[in-house]
Amino acid sequence: MTATTSPANGLFDPSKAYKEWEVNGKYFGDGREVALLEYMYNHPSLPELRGNPTKILAAIDTFAQTVTGLINIGESKGHLVTSVIAQHKPTTILELGGYIGYSAIMFSSAMKAAGGKHYYSVEKNPLFAAVATALVDLAGLRDTVRVIVGTGAEGIQRLVDEQLLQDGGSPLGMMFFDHHKPSYTADLKLCERLGLVGAGTVLVADNMILPGNPPYAEWVRATVAEKKAKTEAAPATDDPGNPNLQYKSRFVKSFEPSGMEDALEITECVGIEA
Ligand SMILES: C[S@@+](CC[C@H](N)C(=O)[O-])C[C@H]1O[C@@H](n2cnc3c(N)ncnc32)[C@H](O)[C@@H]1O
């Protein structure tokens with residue numbers, strides 16, 4: 001594989017490339033997640049991994065580079081997100097699509113280092129959520145990360161019912177979208193309508209090239225006037241979200257852990273139009 005350049009994120013190091021995701025027509029859920037858990041807990045350096053998120057992420061990367069590819073965000077895109085966290089210092093982060101906990105371990109550590117407190121990771125697949133919970137525990141992040149089993153919408157509603165996302169009336173610090181691609185816009189609009197998004201909230205969306213997400217990109221890049229027009233033209237049954245939120249959005253290119261080019265959409269809510 002040849003190294004490619006990205007204006008935003010330097011060179012991809014081919015020696016760190018994950019193995020192919022696709023094995024016998026499957027990309028995940030074929031036993032590789034349980035194999036990862038066994039690999040981690042049978043690791044010869046287990047005592048040094050315990051309570052050390054950096055070493056745990058490196059061991060997960062080694063598994064994905066040498067045994068089977070995993071659909072984690074990986075180092076290149078992951079480091080873009082940790083620099084957003086260091087800059088914006090969110091107190092609470094809501095992640096939709098947790099998989100085996102790689103991004104939860106990486107981003108919750110960055111959030112803790114920046115003074116943040118709560119990381120909620122919603123994952124639809126109960127087996128993946130169980131693996132994530134065990135790896136979060138190994139990383140010593142049990143007090144910071146809570147893994148919730150359910151779809152994005154179910155998880156958001158449960159956390160709202162438990163009054164865990166309102167943060168004393170402040171909007172959420174950050175949301176990370178990495179789940180079912182057609183649900184990004186619907187779940188963002190649900191959070192907007194519930195008042196969880198406000199001035200200062202940062203939205204990070206993965207896979208904006210692979211496979212891309214035009215409805216989400218259109219919503220977060222639109223002006224308030226454009227969003228109001230879209231909402232008026234939409235069927236009354238559609239969630240209107242909150243078209244008055246003013247977003248500043250950028251498309252940042254980077255790499256999948258396989259070395260393929262991908263991008264994040266990083267959006268800041270800069271105000272609310274009266
Ligand atoms: C690309 S993986 C997430 C990777 C993870 N964020 C990381 O970088 O370590 C996508 C995950 O979203 C989950 N998922 C799919 N549809 C979902 C939904 N509607 N709500 C929540 N999770 C969902 C899948 O089971 C899968 O584990």
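Please read these numbers as outputs of a predicted model, since none were measured by experiment. Note that ligands are numbered from 1 as they come in the structure, with each ligand's atoms numbered from 1 the same way. Numbering starts at 1 and runs along the sequence shown.
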> Do E256 and K77 meet the salt-bridge criterion of a basic N to acidic O distance under 4.0 Å?
yes

> Can N72 and Y18 be counted as having a side-chain donor-acceptor contact under 3.5 angstrom?
yes

> If the cut-off is 4.0 Å to any non-hydrogen atom of Y99, which atoms of ligand 1 fall inside it?
2 (S), 3 (C), 4 (C), 5 (C), 27 (O)

> Among the heavy atoms of G150, does any lie under 4.0 Å from an atom of ligand 1?
yes

> Determine, for D143 against R146, whether the closest basic-nitrogen to carboxylate-oxygen distance falls under 4.0 angstrom.
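No.
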
> Which option wins on minimum heavy-atom distance to atom 16 (N) of ligand 1: E95, M106, K181, H180?
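The nearest heavy atom belongs to H180.
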
> Answer yes or no: is there an ion pair linking D239 with R193, defined by an N-O contact shorter than 4.0 Å?
yes

> Among all protein heavy atoms in this structure, tell me which lies nearest to atom 20 (N) of ligand 1, with the distance rounded to 0.1 Å.
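Protein heavy atom at minimum distance: G152 N, 2.9 Å.
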
> Going by heavy atoms, is N72 under 4.0 Å from ligand 1?
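Yes, N72 has heavy atoms under 4.0 Å from ligand 1.
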
> Considering both backbone and side-chain atoms of F176, is one of its nitrogen or oxygen atoms within less than 3.5 Å of a nitrogen or oxygen in ligand 1?
no

> Is it the case that the side chains of D262 and N207 hold a donor-acceptor pair, with the cut-off being a distance below 3.5 Å and no angle test?
yes

> For atom 2 (S) of ligand 1, which candidate among L127, V131, N125, I71 holds the nearest heavy atom?
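Checking each option, the heavy atom nearest atom 2 (S) of ligand 1 is found in I71.
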
> Which bit of F128 gets closer than 4.0 Å to ligand 1, counting heavy atoms only: side chain, backbone, both or neither?
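Answer for F128: side chain.
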
> So, for M208 and L264, which heavy atoms are closest and what is the spacing to 0.1 Å?
CG-C, 3.9 Å

> Enumerate the atoms of ligand 1 whose separation from the nearest heavy atom of Y102 is less than 4.0 angstrom.
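Those atoms are 9 (O).
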
> Need the ligand 1 atom indices (1-based, order shown) with element for anything under 4.0 Å from a heavy-atom of S103.
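Matching atoms, with element in brackets: 5 (C), 6 (N), 7 (C), 8 (O), 9 (O).
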
> Quick one: look up the protein heavy atom nearest atom 22 (N) of ligand 1 and list residue, atom name and how far away it is.
K124 N, 3.3 Å

> Which residue and atom name correspond to the protein heavy atom nearest atom 4 (C) of ligand 1, and how close is it?
D178 OD2, 3.2 Å

> If you take all heavy atoms of L210 and E261, which pair is closest and at what distance?
CD1-O, 3.5 Å

> Can you tell whether the side chains of E265 and R250 come within less than 4.0 Å, N to carboxylate O?
no

> Around atom 8 (O) of ligand 1, find the nearest protein heavy atom and jot down its residue, atom name and distance.
I73 N, 2.8 Å

> Can you see whether Y119 engages E95 through a side-chain donor-acceptor pair at a distance of less than 3.5 angstrom?
yes

> Hey, is ligand 1 close enough to E123 that some N/O pair sits below 3.5 Å?
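It does: an N or O of E123 is found under 3.5 Å from an N or O of ligand 1.
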
> Just by distance, no angles: are the side chains of D161 and Q157 close enough, under 3.5 Å, to form a donor-acceptor pair?
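Looking only at side-chain atoms, Q157 and D161 do form a donor-acceptor pair, the distance falling under 3.5 Å.
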
> Quick one: look up the protein heavy atom nearest atom 18 (C) of ligand 1 and list residue, atom name and how far away it is.
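Its nearest protein heavy-atom neighbour is H179 CD2, 3.7 Å.
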
